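Have a look at the structure below, then the notes.
Computed from a predicted structure; not experimentally measured. Values below: all heavy atoms of this structure, side chains included; hydrogens, waters and symmetry mates excluded.
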Number of protein chains: 2
Amino acid sequence: MWSRPRKAPRQTLTLERIVAEALALLDEEGVGRLTMRRLAERLGTGSTTLYWHVATKDDVLDLALDAVFGEVRLPDPAPGEGDWRRPARELMRGWRAALLRHPWSAALLDRPLMGPNALSRTEFLYQTLAGAGFTPPKAAAHSLANYVMGSVIMQVAWERGGDGDTGAFLRERAARYPALAEHGLGHTWDATFDEGLGYLLDGMEQARR
Amino acid sequence: MWSRPRKAPRQTLTLERIVAEALALLDEEGVGRLTMRRLAERLGTGSTTLYWHVATKDDVLDLALDAVFGEVRLPDPAPGEGDWRRPARELMRGWRAALLRHPWSAALLDRPLMGPNALSRTEFLYQTLAGAGFTPPKAAAHSLANYVMGSVIMQVAWERGGDGDTGAFLRERAARYPALAEHGLGHTWDATFDEGLGYLLDGMEQARR
DNA sequence: CCATCTACTAGACCATCGATCCGGTCACTC
DNA sequence: GAGTGACCGGATCGATGGTCTAGTAGATGG
């Protein structure tokens, strides 16, 4: 998608309008109900027309996902080596928040993130970590990105699956899964995320010295 | 899926055979090509027959995913409090390896993992962490699970996307993404995973004391 | 040996999907 | 004012997940 050149549009139906409407449709009805026909209908056009602007439905999803990454605000860069955890933490929190605002994005994370917005956030992360002394910063950057993606996917999966049923399900099987039934219920997602992020950042800081 | 009762089969076409064949089909052709018709054909039956054993295609995928988790060997439990990192590391490595042996599983992680195999692995993780003094162990367990899931998803996504094209793509844009172009290429997935896992485990050990 | 019930199988079918074919329409250029 | 290329869409194709309906095989009871 990102490697193909753009053609000059006549501005009646633009890629931007398509992406904006796709985002709205995804937010309202989820990824399963995004259809080229439905998207075209919302845009007041025929489904075929979309294929002039876009090669495949996957392109629409790629664009929509990158638009989500575009919502992530870049933190202020770290002034010195010691402050790297603040911008890293801010970026990861913003990254997570953007994905959670659009829960359908969790189902799309199994594709290469090569959109400009995703790349610029990753670039910022690499620069922050490289500036902090991680040479090379790849493992550190991957750790953080993996953690964020994994936590978003898990949270979305469990919230969509219905936590009420899950609780009853686990309590019924408390004999087989005692630790899970005792500690696994009652999610406080934000605090859990921050705690785990703290583990990771602290472990990285320890290795950095 | 897991809450519904099983009916007594006559053993000509069993759920086990369906799952085994689904796994083979997924391994050979990927998740996009798993069709109820194709699966039925491989089993020498009609597509409708599958729906007697299974309510929907999602059930097949749930079962197949849990079968992957079934491949993960449980480590020996930690003898004392201090040794918790060994079983935790072993479990996470095994978890990751099983998912990577079946790359299609990465696309299925956006659903609740409530199969018996997944649950028993999670239970082991909770017990290991609770025994190490993490009370409650939820955040610690989530951190590790999130990290593994995220790293598998990212690796599968980039390997499927074709690393060769990605390299050229990033090199062309080295001006815009200098740190990424310099450090982001040439993946050594296993080492990167272990390094990040070490960060996480060390940070957790630090917090535990 | 027959009837019957239940586990199980399948062909035809439905609505819907992503994508394409082919024929248009509109605005701008020479 | 003819032509060119950007843009649009109705009809259609092949395929999909899932259902309806009509069965068949084999154990069970008498």
Side-chain angles (χ1 to χ4, degrees), chain A residues 1 4-26 28-65 104 107-108 110-111 160-161, chain B residues 1 3-26 28-65 104-105 107-108 110-111 160-161:
Chain A
M1 174 73 218
R4 280 198 295 282
R6 288 277 303 276
K7 302 186 182 171
R10 204 199 285 161
Q11 295 299 77
T12 66
L13 181 58
T14 64
L15 207 45
E16 285 71 24
R17 278 190 62 212
I18 294 178
V19 175
E21 200 63 42
L23 260 166
L25 178 51
L26 287 164
E28 292 171 22
E29 314 198 29
V31 69
R33 308 211 40 169
L34 173 67
T35 294
M36 297 302 269
R37 286 176 230 268
R38 291 167 62 81
L39 180 55
E41 192 181 2
R42 287 176 66 123
L43 287 163
T45 180
S47 71
T48 346
T49 304
L50 296 177
Y51 284 98
W52 197 94
H53 299 269
V54 148
T56 138
K57 181 187 177 182
D58 257 9
D59 283 5
V60 178
L61 295 175
D62 280 339
L63 289 162
L65 185 58
W104 47 267
L108 303 181
D110 66 326
R111 57 185 69 201
R160 192 182 45 204
Chain B
M1 174 72 221
S3 357
R4 281 197 296 282
R6 287 278 304 274
K7 304 185 181 171
R10 202 201 287 161
Q11 298 295 79
T12 65
L13 180 59
T14 63
L15 207 45
E16 285 69 25
R17 277 190 62 212
I18 294 179
V19 175
E21 200 63 42
L23 260 166
L25 177 51
L26 286 164
E28 292 172 21
E29 312 198 30
V31 70
R33 307 211 39 168
L34 173 67
T35 293
M36 296 303 269
R37 286 175 228 271
R38 291 167 62 81
L39 179 56
E41 192 182 2
R42 286 177 67 125
L43 287 162
T45 179
S47 70
T48 345
T49 304
L50 297 177
Y51 284 99
W52 198 93
H53 299 268
V54 149
T56 139
K57 181 186 177 183
D58 257 9
D59 283 3
V60 177
L61 295 175
D62 280 340
L63 289 162
L65 184 58
W104 47 268
S105 62
L108 304 181
D110 66 326
R111 57 184 71 200
R160 192 183 47 203

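- In terms of modelled atom types and a separation under 3.5 Å, the side chain of A/R42 and the main chain of A/E21 share no donor-acceptor contact.
- Across the protein-nucleic acid pair, A/L15 atom CG and D/dA6 atom P stand 16 Å apart, rounded to whole Å.
- Nearest heavy atoms, B/M36 versus B/V54: CE-CG1, 4.5 Å.
- Taking atom CG of B/L39 as the reference point, atom C1' of D/dG18 lies 15 Å away to the nearest angstrom.
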Exercise. Using a cut-off of 4.0 Å between protein heavy atoms and nucleotide atoms, how would you tag nucleotides 17-22 of chain C 5' to 3' with B, S and -?
Worked result: BBBBB-

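- Shown are B/L15, B/D58, B/L23; of these, the side-chain contact (heavy atoms from CB on, under 4.5 Å) with B/L63 is made only by B/L15.
- With a 4.5 Å cut-off on side-chain heavy atoms, B/R160 and A/D110 count as touching.
- Using a 4.5 Å heavy-atom threshold, the side chains of A/L39 and A/K57 count as separate.
- In this structure, A/W52 places its CH2 atom 8 Å from P of D/dC8, rounding to the nearest Å.
- Put simply, A/H53 has a side-chain N or O that comes within less than 4.0 Å of OP1 or OP2 on D/dC8.
- Going from atom CG of B/L50 over to atom P of D/dT19 covers 13 Å, rounded to whole Å.
- For A/R37, the side-chain contact (heavy atoms from CB on, under 4.5 Å) partners two or more places apart in sequence, or in a different chain, are A/T35, A/S47.
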